[in-house]
Undergrad: 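My questions will all concern the structure given below.
Keep in mind that what you see is a predicted model, and the values were worked out from it rather than measured. The figures that follow rest on heavy atoms only: side chains count, while hydrogens, waters and symmetry mates do not. Along the sequence shown, residues carry numbers from 1. When a ligand or atom number is given, it counts from 1 through the structure's own listing order.
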Amino acid sequence: MLRVGLTGGIGSGKTTVARIFESLGIPVYNADTSAKRLMNSDEKLREEIIKVFGANSYKGTELNRSFLSSEIYNDEKKLDKLNALVHPVVFRDVKSWAEKQTSPYVIEEAAILFESGSNKFQDFIIGVTAPEELRIRRLKKRDGKTEEEIRFYISRQMDEEKKMSLCDVVIQNDERQMLVPQVLAVHKRLLELAKTFSKKDPPSEETSSL
Ligand code: ATP
């Protein structure tokens, strides 16, 4: 199974692009929403989060989102600690999800694909990019966040230019170039790639993430 990553900074339009791939019959795994789900449903993960962040991090079995957000908001070390607990659980979850799919390729959508190390599990990576001012305008409208907050979140992610340079292909979501033809071109390329990929011997456990 060909595994494809889809990444881009906040507000770049990953989910918008992912929906177009879904309309072409390609299954999409959203790493951010899955991480939130797993923090509630995975008992072992819950225990580990409580060990590090204290009993206040949950209300019963439900993640205390506002407490945890305030803990990590201005503390990069704590954010790293939380990520170190959550990411391996997401990696396992997406792997078992991908193995159940029957499409020529699957997509994992993740804002922090490179930052989390999830890029090493992908065979091909799509970047989505948009000018920063446009991203800020979109997020103000979608989330009602202030410009300051949005710039703070952007500053915590990998530099946009660097991120895009690490991708195999970049989709421009600048509201000038149409999205659908760009997605169709990538889809065609991936279908071709999937054909050659399925002819290969199944990779060993060690190399399956390359
Ligand atoms: P996040 O990382 O914050 O989840 P994202 O990269 O997934 O963001 P989207 O949610 O797809 O980005 O897009 C952000 C907002 O911008 C949404 O409200 C979306 O509807 C809007 N948007 C994205 N692309 C376009 C476009 N080409 N034209 C108009 N609006 C757009």
Side-chain angles (χ1 to χ4, degrees), residues 3-40 63 65-66 68-70 72-73 76 79-80 82-83 86-87 90-91 93-94 97 105-119 121-122 124-187 190:
R3 282 180 65 175
V4 176
L6 176 66
T7 192
I10 51 167
S12 58
K14 294 176 295 298
T15 303
T16 306
V17 167
R19 291 220 176 95
I20 305 175
F21 278 103
E22 278 178 324
S23 75
L24 296 168
I26 300 303
V28 176
Y29 180 97
N30 185 309
D32 299 339
T33 53
S34 296
K36 285 178 190 144
R37 170 178 54 79
L38 290 163
M39 281 194 266
N40 281 325
L63 187 74
R65 197 165 297 286
S66 58
L68 211 55
S69 301
S70 65
I72 60 173
Y73 188 74
E76 221 155 315
L79 175 65
D80 289 346
L82 182 64
N83 284 338
V86 176
H87 290 158
V90 175
F91 294 167
D93 191 62
V94 66
W97 170 86
Y105 66 93
V106 293
I107 291 181
E108 176 180 349
E109 175 193 345
I112 54 167
L113 194 88
F114 292 107
E115 295 91 328
S116 69
S118 165
N119 59 305
F121 301 110
Q122 315 300 334
F124 189 94
I125 297 177
I126 305 167
V128 183
T129 192
E132 193 163 300
E133 295 313 312
L134 188 55
R135 289 163 60 197
I136 291 169
R137 212 180 317 141
R138 285 174 183 161
L139 294 174
K140 269 186 180 168
K141 194 169 158 205
R142 191 192 67 185
D143 302 340
K145 288 203 168 78
T146 65
E147 179 161 344
E148 200 191 357
E149 278 175 298
I150 298 165
R151 286 199 190 276
F152 176 69
Y153 286 120
I154 290 176
S155 75
R156 288 225 293 206
Q157 294 186 339
M158 184 191 278
D159 172 70
E160 178 76 3
E161 217 172 297
K162 166 119 199 275
K163 187 178 277 186
M164 291 304 116
S165 75
L166 296 171
C167 296
D168 296 295
V169 72
V170 175
I171 291 179
Q172 298 290 339
N173 186 20
D174 54 8
E175 294 178 29
R176 286 168 189 262
Q177 298 167 70
M178 301 233 292
L179 274 184
V180 173
Q182 294 184 74
V183 171
L184 284 175
V186 177
H187 179 60
L190 288 170

Undergrad: Flag the pair E147 and R135 as a salt bridge only when some basic side-chain nitrogen lies within less than 4.0 angstrom of an acidic carboxylate oxygen.
TA: no
Undergrad: Identify, for atom 2 (O) of ligand 1, the protein heavy atom at the shortest distance, and state residue, atom and that distance.
TA: K14 NZ, 2.7 Å
Undergrad: Considering heavy atoms of the protein only, find what lies nearest to atom 10 (O) of ligand 1 and give residue, atom and distance to 0.1 Å.
TA: R142 NH1, 2.7 Å
Undergrad: Tell me, do V106 and I26 make a side-chain contact under 4.5 Å, heavy atoms counted?
TA: no
Undergrad: So which heavy atom on A31 is nearest to which on A110, and how close?
TA: CB-CB, 3.7 Å
Undergrad: Specify the protein heavy atom at minimum distance from atom 11 (O) of ligand 1: its residue, its atom name, and the distance to 0.1 Å.
TA: T16 OG1, 2.6 Å
Undergrad: Ring-plane angle category for F152 and Y73, please: parallel below 30°, perpendicular beyond 60°, tilted otherwise.
TA: tilted
Undergrad: Among all protein heavy atoms in this structure, tell me which lies nearest to atom 27 (N) of ligand 1, with the distance rounded to 0.1 Å.
TA: N173 OD1, 2.7 Å
Undergrad: Examine ligand 1 and decide if any of its atoms is less than 4.0 Å from a heavy atom belonging to G8.
TA: no
Undergrad: G9 near ligand 1, heavy-atom distance under 4.0 Å?
TA: yes
Undergrad: For atom 7 (O) of ligand 1, what's the nearest protein heavy atom and its distance?
TA: T15 OG1, 2.9 Å
Undergrad: Run the ring-centre check on F124 versus Y105 and record whether the distance is less than 6.0 Å.
TA: no
Undergrad: Going by an N to O cut-off under 4.0 Å, is there a salt bridge joining R156 and E76?
TA: no
Undergrad: What's the shortest distance from atom 8 (O) of ligand 1 to any protein heavy atom, and which residue and atom give it?
TA: G11 N, 3.1 Å
Undergrad: Less than 3.5 Å between some nitrogen or oxygen of L179 and one of ligand 1, yes or no?
TA: no
Undergrad: Taking the side chain as every heavy atom from C-beta outward, state whether D174 and P131 have any pair of such atoms under 4.5 Å apart.
TA: yes
Undergrad: Identify the heavy atoms of L134 and N173 that sit nearest to each other, and give their distance.
TA: CD2-O, 3.9 Å
Undergrad: Below 3.5 Å, N or O to N or O, backbone or side chain included: is there any such pair between G13 and ligand 1?
TA: yes
Undergrad: Provide, to 0.1 Å, the distance between atom 30 (N) of ligand 1 and the closest protein heavy atom, together with that atom's residue and name.
TA: E175 OE2, 3.8 Å
Undergrad: How far is atom 21 (C) of ligand 1 from its nearest protein heavy atom, and which residue and atom is that?
TA: R138 CD, 4.0 Å
